[in-house]
Amino acid sequence: MPDCLIIGKTNVGKSLFLVNYAAHLGVRELALERRYRDGRIEYLKLTLTEARRKLVDEVPHCTRYLDTINLLIPGGKGKRKIALTDSCGLTDDIHGEEDVRRAMASTLARLRAVEVVLHMLSAPMVGEAPPSQAVSELDRQIARFASLRSHYALLANKMDLDHAKQGLARLQKEFAGHRVIPISALERQGFREVSAFVFHAAR
Ligand SMILES: Nc1nc2c(ncn2[C@@H]2O[C@H](COP(=O)(O)OP(=O)(O)O)[C@@H](O)[C@H]2O)c(=O)[nH]1
Ligand SMILES: [Mg+2]
């Protein structure tokens, strides 16, 4: 089964996307495989409400493990199975906490191993920033690295917010040549386009 990784900075909406995208695909209860850095694996069953409460955070924080769910992605005449993993948010600077640095390292290790990468950015953040700071070096490196080895798409999230359109236009220019899919994890917009991309990538 192809592995698909959601990667990006903290607070861009990775975890909310995981939950709401699963809901959009008809999942009513999330069966999560939670992999800790030391190799320990925990299996959790969460309702969508529980998952949103436990996984999504307004205060930027780091998911210190990799959470994976199996999904059936519709497309064409059939469905394809993928394993979708939510990862620890990355930061531009070296994080002060050892634990977080290690979690980020596991995210990068996973990035090397997966077939499909969904690289998430916050479109309003990109739109609001001064042009020179709109896209960070970290995001450029993820794009460069991931697009060479995996099926790669950039998800421009939070399209429901102000400045998102401007951010999307910037992303399309900065990442010309890459697939950029505008979405709102909150309002579940753009999910069919994500499915179309993942379905083809997962063949
Ligand atoms: N308005 C809006 N808020 C969002 C969207 N996606 C995520 N958020 C919010 O952004 C914050 C961070 O979300 P989270 O999924 O925890 O981000 P993560 O750190 O990348 O996993 C939470 O307060 C979410 O409710 C979106 O599409 N629109
Ligand atoms: Mg998260």
Side-chain angles (χ1 to χ4, degrees), residues 4-25 27 30 32-37 42 44 46-69 71 83-93 95-97 99-108 110-111 114 117-129 135-136 138-139 142-143 146 153-171 180-195 197:
C4 175
L5 180 69
I6 313 168
I7 194 167
K9 290 192 189 176
T10 44
N11 223 35
V12 295
K14 298 180 295 298
S15 300
L16 185 61
F17 172 75
L18 181 91
V19 179
N20 280 356
Y21 184 57
H24 160 83
L25 295 177
V27 173
L30 256 62
L32 279 183
E33 184 197 273
R34 176 163 289 181
R35 195 175 285 267
Y36 292 89
R37 279 190 346 252
E42 192 180 1
L44 302 169
L46 301 174
T47 64
L48 297 170
T49 314
E50 284 169 343
R52 274 183 215 108
R53 204 178 56 230
K54 292 197 168 158
L55 307 179
V56 180
D57 213 331
E58 275 174 40
V59 185
H61 81 305
C62 179
T63 309
R64 291 174 194 212
Y65 27 71
L66 295 168
D67 275 339
T68 302
I69 54 172
L71 291 173
L84 182 66
T85 298
D86 181 17
S87 64
C88 170
L90 302 169
T91 51
D92 280 307
D93 310 318
H95 202 281
E97 282 175 64
D99 222 29
V100 176
R101 286 202 301 274
R102 284 176 185 269
M104 289 182 188
S106 343
T107 301
L108 293 173
R110 189 61 167 249
L111 179 64
V114 298
V117 173
L118 299 175
H119 175 193
M120 188 173 285
L121 283 96
S122 161
M125 241 166 75
V126 172
E128 271 173 322
V135 176
S136 69
L138 175 75
D139 282 313
I142 293 174
L154 210 143
L155 302 186
N157 190 31
K158 308 198 184 184
M159 288 305 298
D160 56 289
L161 294 178
D162 289 348
H163 307 287
K165 284 214 173 81
Q166 194 188 347
L168 175 64
R170 277 186 179 170
L171 289 173
V180 180
I181 306 174
I183 67 163
S184 166
L186 184 68
E187 298 192 342
R188 306 187 190 187
Q189 289 163 7
F191 286 6
R192 293 208 350 224
E193 290 74 11
V194 175
S195 289
F197 168 75

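Remember, it's 1-based here, ligands and their atoms both numbered in the order they're listed.
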Which is it for V12 and ligand 1 at heavy atoms under 4.0 Å: side chain, backbone, both or neither? both
Are E42 and L32 close enough that some pair of their side-chain heavy atoms sits under 4.5 Å apart? no
Using the test salt bridge (charged side-chain N to carboxylate O under 4.0 Å, His left out), find all partners of E193 that sit at least two apart in sequence or belong to another chain. none
Side chain, backbone, both or neither: the part of N157 lying under 4.0 Å from ligand 1 by heavy atom: side chain
Is there a polar contact between ligand 1 and I183, counting only N or O atoms under 3.5 Å apart? no
Based purely on interatomic distance, does V56 place a nitrogen or oxygen under 3.5 Å from a nitrogen or oxygen of ligand 1? no
So, T85 versus R110: side-chain donor-acceptor pair below 3.5 Å or not? yes
Look only at the side chain of N157 and the backbone of V12, and say whether a donor-acceptor pair between them is shorter than 3.5 Å. yes
Only heavy atoms of A185, strictly under 4.0 Å: list the atoms of ligand 1 that pass. 6 (N), 27 (O)
Passing option when K9 is tested against L121, I142, D139 for side chain to side chain contact (heavy atoms under 4.5 Å, CB included): D139
E187-ligand 1 polar pair, N/O distance under 3.5 Å: no
What do you reckon, does S15 have a nitrogen or oxygen under 3.5 Å from a nitrogen or oxygen of ligand 1? yes
Check whether any side-chain N or O of N20 sits under 3.5 Å from a backbone N or O of R188 as a donor-acceptor pair, and report yes or no. no
Options L90, T10, L16, ranked by nearest heavy atom to atom 7 (C) of ligand 1, top entry: L16
Using a 4.0 Å heavy-atom threshold (strictly under), name the region of L161 that reaches ligand 1: side chain, backbone, both or neither. side chain
Just go through D67, N11, D160 and tell me whose heavy atom is the nearest to atom 12 (C) of ligand 1. N11
Under 2.8 Å from the Mg ion (ligand 2), is there any N, O or S atom belonging to S15? yes
Output yes when a side-chain donor or acceptor of Q166 lies under 3.5 Å from a complementary backbone atom of H163, and no otherwise. no
